[in-house]
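Right, one structure below, let's go through it.
Because only heavy atoms are used, hydrogens play no part in the values below, and waters and symmetry mates are left out as well, while side chains stay in. Note that this is a predicted model, so its numbers are computed, not measured.
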Amino acid sequence: MEPQKQQDITRAWKQHQVFEPKEIAEKDKYYVTQPYPYPTGPLHVGHGRTYTTTDVLTRFARIQGKNVLWPMAFHVTGTPVLAIADQVKRKDADAMQMYRGYIGIYEKNPEKVEQILHSFEDPKKIVAFFGSVIEKDFDAMGYSIDWRKQFTTMDPYYQQFVQWQFHKFKEKGALVKGKYPILYSAVDGNAVGEDDIKDGDTDKVAITEFQLIKFPLANDPHTFIVVATLRPDTLFGITNIWVNPSLEYVKAEVNGEKWIIAKNAIEKLKLQQKTIGDIAAVPAHELAHKDALHPLDAHMHIPILPTTFVNAEKGTGIVCSVPGHAPFDFMALEEAKKLGDATAQRIHPKYIIAHPNGFEMRKFLDTFKVQSMNDRTQLQQATEAIYKIEFYECRTNGENGPLSNMSVRGAKDKSVELLKAVNRWDRIYEPSRKALTRAGNPVVVAILSDQWFLDYTSKEWKEKAHRCLNRMRIFPEKYAKTLHDSIDWLEQRPCIRKRGLGTPFPFLGGWMIEPLSDSTLYMLFYLCIETLRENGMKPEDLDEAFFDAAILGKALPQGDARSAAAQEIHGKLQYWYPNDIRHTAPAHIQNHSSFWILAHTLLLPEEWWPRAASFNEMMIRNGQKMSKSKGNIIPLIDAVQKFGPDLMRLYTIASSSLERTADWKDEQVPQVENKLNELEKVLRQGLDFIRKGGADFMIQLDAATNTAVSMKNTSATPQQFWLKEKIMQRLGESYEAYAQMDYKMAAQKAFFEPLNDIKQFKKVFAEDESFAVSLVLKRWLIMITPIAPFLAEQLWKEAGFPGFASAQHLEQPEGKPAKEVQERVDAVEKILGDVERVRKLAKGNPKTLYIYSIDAQETEWIEAAKAQIEKYALLQVKINDAHDPLGKKAKAQKGKAALYLE
RNA sequence: GCACGGGUAGCGAAGCGGUCAAACGCGCCAGACUCAAGAUCUGGUGACUUAGUGUCUUCGGCGGUUCGAAUCCGCCCUCGUGCACCA
């Protein structure tokens, strides 16, 4: 279809407000939402898959006769927009080139491109530009969005709304203040996310928590030598402490205590909210061969020994030694003994964990081929292996003091508890691997004070969310479990940050509400914005009391000028809420979708809880993930211009079911096009038939319900009605598939299978299908609108049907293809199929096909189809001829005619 | 590492206890139509067998449940996705 016609159709939809539902109607309402796009670049076909799916479900709901609302807005809060603005300000060549390319998709004049690019120094210009082009992309795709409710998340009204939401969170006790470790760059003075870390996307950096154990020195019990460990469960397996003579150690005042630690650890402790006082150097050789006291048993003296493997960059640069269960410690001890260290020679590994099949460290290390301290890789492997075995499968034996005879997991928790009780415990966080920022600065862990969290740990809250989920419909169903799991998994989640665009956090100046947290309840806001605009409300009017009234229906004081607006909004909400379905990608389950459910269940009454959620997997291209770095993303608009919206939509929908990753295969798209063209041809034949002479039908068609029309055209044959019913049956199946959100199936039933039925019909009866198609044309067009709206709308218009195809209501079509005709079709098909099989077995080049049938009815059908059989089999046909050299007639059964070729 | 989700014919992809040698699409092979090519149409496309509708072996691997499994259970291999302050 020509682009001009498509644009005309889009314009007509807008002009006639086809997708702008009556605010309050008698019909059943259906309120659809989908996460709004983040406009920092053109959308690609992967995004298109998700929006197209929403559009299909939205359009089908209209067919079902619902009053449907699908609004759209733009998410502009967060850091990425700022990052782009910075890049443009810095004139970063790569970034400039990329954005030049993006702008060039929409703007062909190079001067204007540069102009726009430079305007990107202002982040608001970025979102304004991409927001407007995305809206155009959506229109080009034919999405049935109600644009009247459009806004951005920087809109002052919206920010008032988000602040109201946070006041409500606080009232409910969901907003708490606390401390939290985060990845941080001390040089840059800010938190770093995955995007800020070198290789952060491919090689994830996590935060590891080390336990600190404070050992009093024997000769100075008020000074602690502080070790860092991941295995406090082996507390009574400790035989000694290791220090590394090549490192710098200090005695420092930490939170008022005297700690001996590596000098390197000071900065980390500072960043992790420790108060550091006086610092004095302590040479390692002064520490070596002194004794420390066991933190839980002062009678146990733990000698401090020198070794080389201890790393200053991890923990405190001091570790405790458990040679019975730690491969490094075992080998270090062996080495010390070899070097003649007298203290070391008195030390023997202490085994405190019971292995079901016994355990001896030397033998264990042999299996990893560890021979010396230098076999670092093998030692590392052995360490990981033993940890896995002991943590998951083992219990402590009786030698582990108060940690005896319990699971290793339990011993770990218990040790921390006991150490805490006697003030011998603390902790330090480390990145899970050595990491640098993209600028090359080290990534460390810091604890920020003043951090606010949304606290999802409340049991009652989770309970409510599960209850909500249990009542929701989830498509595909398998994601219900993922959602439940996600709700259980969520704990405390930081909800404010210092960088980026966002809504000011109402309880602490200088902080923004984090951009995932500002988008959990906004489905309410779509229903507020028009009233706010129409009444010219000032943002400052929208205080807590106002939203309490507008959303929760509380009363404003007598005579408050805002009452009318609040009531109007509340009325709209009472009609439109809850959100009937929200469609998104499974990647959002663990954050956005869960927050959405949680926010609703905490703040709104049960009748306003979400009703359904649906998901579709992502789209890859030619087997590869689309990414900016690979340069293989296809901008949505490029694909639309190349293939046209209907083809893109059909390909997207028909290539895979929602829960499967879809593969955009460049060479397969044109193949689907053939089918779409074939369908158009068939539909046009039906259309022409109506135009040319079907006037009598037309009158009756329009008046007709779902039953066959009473015919004036007497030339119609039973098989033409059979075909009509057959197609109706397919459309009915398609309808059912749409209702189940099985869109791949819906496409197959409405787009592909009827074409096969028509082929079969033509083959068996050699008749024209136009009559049958004309009878089902209206319903067929309606059934393809969700997937190919432009084609449907165009033909609808050409047929002169009233209104818009996109606005039609249709009950589920039913078709009952006549049984005798069906049998007839099957009988002929069977013969044609068998002929080919027999032909291969026949000798020579047969010219004649002998058919033997023992059933009178069947014989009659075969007689009727004789010409067709001859045409397709390219043989002369003789029926029930006396000539039967192989005695085939005897083998014929009813429904199974016997064949002979000669 | 942890969690979840996949692995079906040459490829893509349905099916999710019997009607399954497995829909549909592509590719490939043969035929029709063409001077020819393309497009279109028809048939075939696990193996074996036979002038035909029969037999056998298949749905990542190995076991198990069942009268019966691609479909349910266990283990293993393998691929993908997510893993927190980030949109």
query = C73(B) and A22(B): how far apart are their C1' atoms, nearest whole angstrom?
reply = 23 Å
message = Between Lys763(A) and G43(B), is there a contact of a side-chain N or O with OP1 or OP2 at under 4.0 Å?
response = yes
query = Any donor and acceptor pair, going by atom type alone, linking the side chain of Arg49(A) with main-chain N or O of Glu617(A) inside 3.5 Å?
reply = yes
request  = Sequence neighbours left out, what passes salt bridge (charged side-chain N to carboxylate O under 4.0 Å, His left out) with Lys759(A)? Give chain and number order.
outcome  = none
task = Starting from C1' on A3(B), measure out to CG on Leu490(A) and report it in whole angstrom.
result = 14 Å
ask   = Can Tyr36(A) and Ser519(A) be counted as having a side-chain donor-acceptor contact under 3.5 angstrom?
value = yes
ask   = Would one find a side-chain N or O of Thr661(A) under 4.0 angstrom from OP1 or OP2 of G6(B)?
value = no
Rounded distance in Å - CD (Gln760(A)) to P (C41(B)) = 15 Å
task = Quote, to the nearest angstrom, the C1' distance that separates C77(B) from U42(B).
result = 44 Å
request  = Check whether the side chains of His75(A) and Thr153(A) place a donor and an acceptor atom closer than 3.5 Å, and report yes or no.
outcome  = no
request  = Evaluate the criterion side-chain hydrogen bond (donor to acceptor under 3.5 Å, both in side chains) for residue pair Arg582(A) and His588(A); output intermediate values, then yes/no.
outcome  = CA-CA 12 Å; Arg582(A) 183 162 181 82; His588(A) 288 148; over 6 Å; no
ask   = For Glu659(A) and Lys478(A), what are the C-alpha separation, side-chain angles and deciding distance, and is it a side-chain contact (heavy atoms from CB on, under 4.5 Å)?
value = CA-CA 9 Å; Glu659(A) 72 261 45; Lys478(A) 68 177 183 180; 3.7 Å; yes
inquiry  = Please give the distance between the P atoms of U8(B) and C2(B) as a whole number of Å.
reply    = 26 Å
request  = Would you kindly give the NZ-to-P distance between Lys749(A) and A14(B), to the nearest whole Å?
outcome  = 15 Å
ask   = Mind checking whether His466(A) and His484(A) have parallel, tilted or perpendicular rings, split at 30° and 60°?
value = parallel
message = Between G38(B) and A30(B), how far apart are the two P atoms, rounded to whole Å?
response = 12 Å
query = Between A84(B), A87(B), U42(B), which nucleotide gets closest to the side-chain atoms of Lys759(A)?
reply = U42(B)
Heavy-atom pair of closest approach, residues Val176(A) and Gln492(A) = CG2-NE2, 3.8 Å
ask   = What is the distance from NZ of Lys665(A) to P of G25(B), rounded to the nearest Å?
value = 18 Å
query = Is it the case that Asp518(A) and Thr503(A) place a side-chain donor and acceptor less than 3.5 Å from each other?
reply = no
key: Pairwise P distance for C20(B) and G54(B), with rounding to whole Å   = 13 Å
task = With P as the reference atom in both, quote the distance from C24(B) to G46(B) in angstrom, rounded to an integer.
result = 13 Å
Phosphate-side-chain proximity, Arg660(A) and A14(B), N/O vs OP1/OP2 below 4.0 Å = yes
message = Is it the case that A23(B) (base atoms only) and Gln748(A) (side chain only) share a donor and an acceptor within less than 3.5 Å, ignoring hydrogens and angles?
response = yes
ask   = For the pair made of CZ in Phe751(A) and C1' in A23(B), what is the distance, rounded to whole Å?
value = 19 Å
query = NA contact type, Tyr900(A), heavy-atom cut-off 4.0 Å: base, sugar-phosphate, or nothing?
reply = base
ask   = Reckon Asn756(A) has a side-chain N or O less than 4.0 Å from the OP1 or OP2 of G25(B)?
value = yes
ask   = Looking at Ile126(A) and Ala85(A), what are the two nearest heavy atoms and their distance?
value = CD1-N, 3.8 Å
query = When you measure from the side chain of Lys744(A), which nucleotide among A84(B), A13(B), A87(B) comes out closest?
reply = A13(B)
request  = Between Lys481(A) and Gln590(A), just flag the one whose closest nucleotide in RNA chain B comes earlier from the 5' side.
outcome  = Lys481(A)
key: Whole-Å gap separating P (A32(B)) and NZ (Lys762(A))   = 22 Å
ask   = So does Glu678(A) pair up with Lys681(A), basic N to acidic O under 4.0 Å?
value = no
ask   = Does Tyr38(A) lie flat on the base of A87(B), that is, centres under 5.5 Å apart and planes under 30° off?
value = no
inquiry  = Output the pairing pattern of RNA chain B as a dot-bracket string, 5' first, Watson-Crick or G-U wobble with both distances under 3.5 Å, | for cross-strand pairs, [ ] for crossing pairs.
reply    = ((((((((.[[[..)..(.....]]]((((((.......))))))(((.....)))...[[[[[..)....]]]]])))))))....
request  = Looking at every strand, decide which applies to Leu901(A) at a 4.0 Å heavy-atom threshold: base, sugar-phosphate, or nothing.
outcome  = base
task = Assign each of Phe453(A) and Ile831(A) to its nearest nucleotide of RNA chain B by heavy atoms, then name whichever residue's nucleotide is nearer the 5' end.
result = Ile831(A)
message = Which residue is it: Gln748(A), Gln729(A), Lys726(A)? I am looking for the one with a side-chain hydrogen bond (donor to acceptor under 3.5 Å, both in side chains) to Glu753(A).
response = Gln748(A)
message = Once you apply a heavy-atom cut-off of 4.0 Å, does His75(A) come out as touching a base, just sugar-phosphate, or nothing?
response = sugar-phosphate
request  = Look at the side chain of Pro494(A) and decide which nucleotide, out of C85(B), A84(B), U40(B), has an atom nearest to it.
outcome  = C85(B)
key: Separation of the C1' atoms in U66(B) and G12(B), to the nearest angstrom   = 34 Å
message = Could you tell me how far apart Leu516(A) (CG) and A87(B) (C1') are, to the nearest whole angstrom?
response = 6 Å
query = G12(B) P sits how many Å from Ile620(A) CD1, rounded?
reply = 10 Å
ask   = Using atom C1' of each nucleotide, how far apart are A36(B) and C56(B) to the nearest Å?
value = 45 Å
query = Counting only non-hydrogen atoms, which of residues 647-659 of chain A are less than 4.0 Å from RNA chain B?
reply = Ser655(A), Ser657(A)
